[in-house]
Amino acid sequence: MAVLQHAPISLQSPKSPVSARISRTLTHSLSFSTAFPSLRLKLSLFVSNGKGGARMSSAAAGSYALALADVSKSNNTLDTTSADIEKIEKIFSDPQVYEFFVNPTIDEEKKRKVLDEISASSGLQPHTTNFLNILVDGKRIDLIQEIVKEFEVVYNKLTDTELAVVSSVVQLESQHLAQIAKQVQKLTGAKNVRIKTLIDPSLVAGFTVRYGNAGSKLIDMSVKKHLEEIAAQLDVGDVKIGI
């Protein structure tokens, strides 16, 4: 099974994280109407109840992602907010963290205190922290992983960025990833390219690159592919190659 190994790298210059601690008082001073003026009514429909199944959840996640992107764009912090989202993705990928926040028996005040600690240690922006508090207050923190994915899509569209997922058996050197990014940029014509790396032992050696809409395009430079091609040529397609 492929495992997420590193946060994305970019052809653009990296930005320094915000290191100041954000108190809950400051966080909550950013009112809902101030943070999300244009989407307040729309989002309230999703906060009010969780009915509608997966389709409703997907729509809600998309609306929250758009709201956050709208705020960060108006504040000229889109890139920094994207960095915040990468941190949030890593934090909530921990099952214990996720289960803590979605557990209905845990008091919301305790959850907000933990969010304060997360914000302080991760250097999240005030509006990002406020956004997480809105999800906790609205009992929609369970959507956080979907929101992360939706925000990434929105961010990529706003910045003309192509996402490329590079899978390999071992972590590739930064110069190799930069070369891959340049090649994807040449193939797609995108203004920017962001690389995410995955560790996938099943590839044996080499690497694969997925890009395009929902990873629809593939560059396969893995040994696994070559072994499968050899097996096909030898007419032993029914034989499984063990690793």
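The figures that follow rest on heavy atoms only: side chains count, while hydrogens, waters and symmetry mates do not.
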Point to revise | Single-linkage hydrophobic cluster I118~I106, side-chain heavy atoms < 4.5 angstrom | key: yes
Exercise for review: Decide, yes or no, whether a salt bridge links E117 with R112 under the criterion of side-chain N to carboxylate O below 4.0 Å.
Suggested key: no
Review point. Under 3.5 Å, side chain of Y98 to main-chain N/O of D142, donor-acceptor pair present?
Key: yes
Review point. With a 4.0 Å cut-off, would you call R194 and E86 a salt bridge?
Key: yes
Review point. Does some side-chain heavy atom of L132 sit less than 4.5 Å from a side-chain heavy atom of L124?
Key: yes
Exercise for review: Please examine the side chains of V166 and L198, heavy atoms only from C-beta on, and report whether any two atoms are closer than 4.5 Å.
Suggested key: no
Review point. Ignoring hydrogens and geometry, is there a side-chain-to-backbone donor-acceptor pair from N133 to T129 under 3.5 Å?
Key: yes
**Study point:** Side-chain donor or acceptor of T77 paired with backbone N/O of K73 under 3.5 Å
**Key:** no
Check your understanding: Does I219 reach the side chain of Y211, with side-chain heavy atoms less than 4.5 Å apart?
Key -> yes
Review point. Are E162 and K191 within salt-bridge range, i.e. N to O under 4.0 Å?
Key: no
Check your understanding: S216 versus N213: any side-chain heavy-atom pair under 4.5 Å?
Key -> yes
Review point. Is any side-chain heavy atom of E146 closer than 4.5 Å to a side-chain heavy atom of K149?
Key: no
Check your understanding: Should we say atom CG of N103 is surrounded by more than 12 heavy atoms from elsewhere, each under 6.0 Å from it?
Key -> yes
Check your understanding: Backbone N or O of V71 within a donor-acceptor pair of the S74 side chain at under 3.5 Å?
Key -> yes
Point to revise | Which residues share a side chain to side chain donor-acceptor pair (under 3.5 Å) with T208, sequence neighbours left out | key: none
Practice item. Can you see which heavy atom on Q185 is nearest to which on A190, and at what distance? Key: CG-O, 3.2 Å
Review point. Do V193 and T161 have side chains that get closer than 4.5 Å, going by heavy atoms?
Key: no
Review point. So, E150 side chain and L66 main chain: donor-acceptor pair closer than 3.5 Å or not?
Key: no
